[in-house]
Every structure is written in C-alpha cells, then in structure tokens.
Amino acid sequence: NTVTENMNKQIKDYVGDQQELSARKAELETIVERIRRELQEKEEELAEVTKNYNKINTKINSITSKFDDQLSKIQKKR
C-alpha cells in the first residue's frame with residue numbers, strides 16, 4: 001500500500017509537533033478557563049462592592065444635605 005506509506009512518510013515529521021502543540025493547546029485552554037472563572041468571580045465581587053459603595057454614598061449625601069441649610073446660615077453670618 002504505497003499511497004498509505006507515502007502519506008505516512010510525509011506526515012511523520014509533523015506528528016511530534018502536532019502532539020506537542022496539542023498538549024500546549026490543552027494546557028492553555030485550562031488556564032484560560034480558570035482565568036475566565038476568576039474574572040467572573042471578581043466581576044461579581046466588584047458588583048457587590050459597587051452596590052454597597054453606592055448605598056453608603058447615598059446615605060452620606062442624605063446626611064450632608066440635611067446640614068446644608070445650617071452650614072449656609074453659618075457661612076452667611078461670617
């Protein structure tokens with residue numbers, strides 16, 4: 001079966017590279033998947049922190065606005 005033999009001779013030089021690249025590809029896919037999961041977790045954490053930050057800012061602004069009139073009166077007296 002000369003066709004098969006010729007084909008095998010031509011591809012044998014590439015098989016080693018293919019195996020190495022296949023292993024590296026699998027390794028990188030695993031790393032990328034881990035990074036994606038970590039990114040998703042950090043995005044969720046960021047969303048929670050942002051939500052809490054905004055709540056605190058709203059409370060601070062509410063408190064400050066209650067004192068704006070008093071501060072204005074004090075500044076006018078000076």
Side-chain angles (χ1 to χ4, degrees):
N1 201 337
T2 7
V3 174
T4 305
E5 289 171 358
N6 283 336
M7 179 185 69
N8 287 337
K9 284 180 187 175
Q10 290 182 24
I11 65 171
K12 85 173 183 181
D13 293 337
Y14 300 104
V15 172
D17 290 342
Q18 180 191 36
Q19 290 170 345
E20 286 177 29
L21 290 170
S22 178
R24 182 65 178 148
K25 180 178 178 284
E27 178 186 355
L28 289 171
E29 287 171 341
T30 301
I31 291 169
V32 167
E33 185 55 38
R34 179 183 49 80
I35 291 170
R36 283 188 177 130
R37 280 193 311 273
E38 289 176 9
L39 177 60
Q40 178 66 31
E41 291 170 7
K42 293 301 177 187
E43 286 176 336
E44 290 169 7
E45 184 181 349
L46 175 59
E48 185 66 26
V49 167
T50 300
K51 183 175 86 175
N52 292 330
Y53 174 85
N54 290 338
K55 282 181 185 178
I56 295 296
N57 261 357
T58 300
K59 289 179 183 179
I60 290 172
N61 289 335
S62 174
I63 292 168
T64 356
S65 70
K66 290 178 186 177
F67 289 95
D68 279 346
D69 287 341
Q70 293 175 29
L71 289 171
S72 292
K73 290 177 186 177
I74 291 172
Q75 286 176 349
K76 285 180 183 178
K77 288 182 181 181
R78 288 184 181 171

message: Before you tell me yes or no, could you show the steps for Val32 and Arg36 under side-chain contact (heavy atoms from CB on, under 4.5 Å), namely the whole-Å CA-CA distance, both residues' side-chain angles and the distance that decides it to 0.1 Å?
response: CA-CA 6 Å; Val32 167; Arg36 283 188 177 130; 3.6 Å; yes

task: Identify, with sequence neighbours excluded, every residue that meets salt bridge (Lys or Arg N to Asp or Glu O under 4.0 Å) alongside Glu45.
output: Lys42

Contact check, side chains of Asn54 and Thr50, non-hydrogen atoms, under 4.5 Å: yes

- request: Flag the pair Lys25 / Glu29 as yes when at least one side-chain heavy-atom distance between them is below 4.5 Å, and no otherwise.
  value: yes

- prompt: Could Arg37 and Glu41 be called an ion pair, given the rule that one side-chain N must be under 4.0 Å from one carboxylate O?
  reply: no

- line: Between the CG atom in Asp17 and the CZ atom in Arg24, the distance rounded to the nearest 0.5 Å is 15.0 Å

Atom pair OH/CG of Tyr14 and Leu21 - distance to nearest 0.5 Å: 13.0 Å

statement: One should read off an interatomic distance between Asn6 CG and Asn1 CG, to the nearest 0.5 angstrom, of 9.5 Å

- prompt: Ser22 side chain to Gln18 main-chain N or O, any donor-acceptor pair under 3.5 Å?
  reply: no

statement: Between the CD1 atom in Ile35 and the OG1 atom in Thr30, the distance rounded to the nearest 0.5 Å is 11.0 Å

- request: Nearest 0.5 Å please: distance from the CG atom of Leu39 over to the CD atom of Glu44.
  value: 10.0 Å

